> 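Questions regarding the structure given below will be posed in turn.
Everything numeric here is computed off the predicted structure, so don't read it as measured data. First the proteins, then the strands, lettered A, B, ... as listed; each starts at 1.
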Amino acid sequence: MSSAPGPPREPPRYLSRAEAEAMEKELLEDYRFGRQQLIEIWGHACAVAVTKAFPLPSLPRRQPTLLVACGPAQNGAIGLVCARHLRSFGYEPTIFYPKRSPEPLHRDFTTQCEKMDIPFLSYLPTEVQLIDDAYNAVVDAVLGAEGSEGPEPCAAILGTLRLLRIPIVSLDVPSGWAPGPASGDISPAVLVSLAAPQEVTRRFQGRRHFLAGRFVPEELQRKFGIGPRHYPGSDCVVAL
Amino acid sequence: MHGPSAGPGPAGLRFLGQEEAQAIDQELFTEYKFSVDQLMELAGLSCATAIAKAYPPSSFTTSQPAVLVVCGPGNNGGDGLVCARHLKMFGYQPTVYYPKRSSKPLFEGLTTQCKKMDIPFLPEFPTEAAFIDELYGLVVDAIFGFSFTGAVREPFGSILSTLERVTVPIASIDIPSGWDVEKGKADGLQPDMLISLTAPKKAAMHFTGRYHFLGGRFVPPALQEKYALNLPAYPGTDCVLQLT
């Protein structure tokens, strides 16, 4: 594929939460994507973005450890798939998934991770130093676009994430970020937006922002005003 | 380490028999709880990625990078549908021929995804190899995979006869269609590219085309060990590995 530079990078168009939900609905109902298919696509793309943000040779710790914090809903499922692909890319993810969804789909994603020998923590240390010492980075797949604190134990997880020194990579929307003034938000170093960045992430100020939107059909890109965007080669993510 | 089932390619890489391939597939679904949807998506992505590496759009002599994707009735055809969609996203112009469509929701979904992305579905197969050579720069053979046994049923017999006379490159998904999964077929299709999924099958030992890729980067380490697949490492985050 061509290695020439793409067109100049334009600022992204931000989607409202309603628009993001409308797009997902259209992908599922009109385009007949399967939900598991979409989560697999998103989780894989997020893993690729994580490897671009934190390439294996650049990791400070001797072991390529990552902590993947997964919430009870779809964002957590994306985290599970992301962890599995990170494992196959040579990282050593550990998952913290305290409130497991009973949905068969999420249970299967969990089994797939377990069978890839990915450890699941039974509790998250409140002693933040222990996390800072053990892992190179944390993947935040707790709440995503689901807004504010969420049910326990999400609030407790966010409380710990706020205090970390190691970098956080948030999937789709940094957990706990809601419209309105930012207060006590976590500050991820890296954000991976899915189809398009969501409005609430406009205030993101971390060092790397990736878009994992290659899967969006052209017609939907036009309809929601989010494309086209150049992706290098056959990459499924692009740095914004 | 060269045993009876070792072949060309990285030392120790095993070439699977048909039963083994089926057993591994079954285990991925029953023990590891993968779904066909998931693995098909990853497999189809591998195929499109391999094609993009070996036949970049700029290499086509046709005015557009037009690709004909011929999909069979089973999972190999499903892999072809996923591949077609990713080829479209990579800037190719795929056209699909899918004469015997599965009514399972997965396949109907994949077909809809392609159609909604403006990938045309031909109502008839081109009658002459020359027409294919004229219109397309590459053919993707997604007709039969590793479960194939017995005689080739129509319309695929005629389709394969035509494809055997095509001069543009053919990329076969997993097994060159019409080949015995273990013994190959000396007078059958001679594809230019083979994308072996999960691990190569014994038929791949008879492959004489230019490009042999490994794809389907989803085999858990424990399963690789159980079957002593000796898969070489994929580069970085690539979902394909070029074997030859």
Side-chain angles (χ1 to χ4, degrees), chain A residues 1-4 26-41 43-45 47-52 55-56 81 84-91 104-105 107-118 213-220 228 230-231 233-237, chain B residues 27-29 31-42 44-46 48-53 55-59 82 85-92 105-119 217-225 233-240:
Chain A
M1 305 286 286
S2 160
S3 57
E26 205 162 330
L27 285 167
L28 292 167
E29 292 177 13
D30 296 348
Y31 283 76
R32 303 276 309 277
F33 278 90
R35 189 171 287 283
Q36 186 174 37
Q37 184 188 12
L38 285 178
I39 296 176
E40 185 71 28
I41 290 171
H44 170 255
V48 172
V50 170
T51 67
K52 287 185 188 295
L56 279 169
V81 175
R84 172 166 44 86
H85 284 284
L86 285 170
R87 172 83 172 88
S88 71
F89 293 158
Y91 292 76
L105 181 60
R107 284 211 315 262
D108 286 346
F109 286 138
T110 306
T111 305
Q112 292 156 25
C113 285
E114 287 170 341
K115 298 281 226 163
M116 292 276 286
D117 305 314
I118 297 173
R214 193 160 202 176
F215 68 97
V216 183
E218 267 178 48
E219 191 205 320
L220 279 189
H230 175 77
Y231 286 81
S234 51
D235 283 8
C236 54
V237 302
Chain B
E27 208 162 323
L28 284 165
F29 299 135
E31 296 294 317
Y32 289 80
K33 300 294 191 205
F34 285 102
S35 70
V36 180
D37 307 43
Q38 276 174 286
L39 299 189
M40 198 168 275
E41 186 69 26
L42 297 174
L45 174 63
S46 290
T49 305
I51 288 168
K53 283 186 187 296
Y55 310 102
S58 54
S59 71
V82 176
R85 173 166 38 88
H86 285 284
L87 285 174
K88 177 87 184 189
M89 291 192 277
F90 292 165
Y92 294 83
L106 167 63
F107 292 86
E108 292 193 333
L110 292 177
T111 304
T112 304
Q113 292 156 34
C114 283
K115 287 186 168 179
K116 292 276 288 180
M117 288 183 62
D118 299 319
I119 296 172
R217 185 177 183 173
F218 46 66
V219 189
L223 195 54
Q224 291 186 39
E225 273 169 44
Y234 283 82
T237 57
D238 284 9
C239 56
V240 295

> Check whether Glu41(B) gets within reach of chain A through its side chain, its backbone, both or neither, counting any heavy atom under 4.5 Å.
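Side chain only.
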
> Name the region of Glu219(A), side chain, backbone, both or neither, that has any atom closer than 4.5 Å to a heavy atom of chain B.
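For Glu219(A), side-chain heavy atoms alone lie under 4.5 Å from chain B.
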
> Taking everything shown except Glu108(B) itself, do over 12 heavy atoms lie less than 6.0 Å from its CD?
yes

> What part of Arg87(A) gets within 4.5 angstrom of chain B, counting heavy atoms only: side chain, backbone, both, or neither?
side chain

> Against chain B, label Leu220(A) side chain, backbone, both or neither, depending on which of its atoms sit under 4.5 Å from a heavy atom there.
neither

> For Arg217(B) and Phe89(A), what are the C-alpha separation, side-chain angles and deciding distance, and is it a side-chain contact (heavy atoms from CB on, under 4.5 Å)?
CA-CA 10 Å; Arg217(B) 185 177 183 173; Phe89(A) 293 158; 3.7 Å; yes

> Pick whichever of Ile41(A), Leu105(A), Val216(A) has the most heavy-atom pairs under 4.5 Å with chain B.
Ile41(A)

> Output, in order, the C-alpha distance, side-chain angles, deciding distance and verdict of side-chain contact (heavy atoms from CB on, under 4.5 Å) for Met89(B) and Tyr231(A).
CA-CA 10 Å; Met89(B) 291 192 277; Tyr231(A) 286 81; over 6 Å; no

> Could you tell me which residues satisfy ring-ring contact (aromatic ring centres under 6.0 Å, His included) with His86(B), sequence neighbours excluded, listed by chain and number?
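Here no residue qualifies.
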
> I need the Tyr31(A) OH to Lys116(B) NZ distance, nearest 0.5 Å.
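Those atoms lie 5.0 Å apart.
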
> Give the intermediate values and the outcome of side-chain contact (heavy atoms from CB on, under 4.5 Å) for residues Leu110(B) and Gln37(A).
CA-CA 10 Å; Leu110(B) 292 177; Gln37(A) 184 188 12; 3.7 Å; yes

> Leu28(B) versus chain A, heavy atoms under 4.5 Å apart: side chain, backbone, both or neither?
neither

> Answer with side chain, backbone, both or neither: which region of Leu42(B) has an atom nearer than 4.5 Å to a non-hydrogen atom of chain A?
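The answer is the side chain of Leu42(B).
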
> Select, from Leu27(A), Asp30(A), Val81(A), the one with the greatest count of heavy-atom pairs under 4.5 Å involving chain B.
Asp30(A)

> Using a 4.5 Å cut-off on heavy atoms from C-beta on, say whether the side chain of Arg84(A) contacts that of Pro220(B).
no

> OG1 of Thr237(B) to CG of Asp235(A): how many Å apart, nearest 0.5 Å?
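Interatomic distance, Thr237(B) OG1 to Asp235(A) CG, rounded to 0.5 Å: 7.0 Å.
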
> Go through the atoms of Phe109(A) and report whether side chain, backbone, both or neither lie under 4.5 Å from a heavy atom of chain B.
side chain

> Taking every non-hydrogen pair under 4.5 Å, which of Gln113(B), Glu31(B), Met40(B) racks up the most with chain A?
Gln113(B)

> In terms of side-chain heavy atoms, does Gln38(B) have a donor or acceptor partner in Gln36(A) at a distance below 3.5 Å?
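Checked: Gln38(B)/Gln36(A) side chains pair up, N/O donor to acceptor below 3.5 Å.
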
> What residue, out of Gln112(A), Glu114(A), Lys115(A), Lys52(A), has the most heavy-atom pairs lying under 4.5 Å from chain B?
Gln112(A)

> Report the distance from atom CG of Asp108(A) to atom CZ of Phe29(B), rounding to the nearest 0.5 Å.
12.0 Å

> Got Arg214(A) and Phe90(B) here, is their nearest side-chain heavy-atom distance under 4.5 Å?
yes

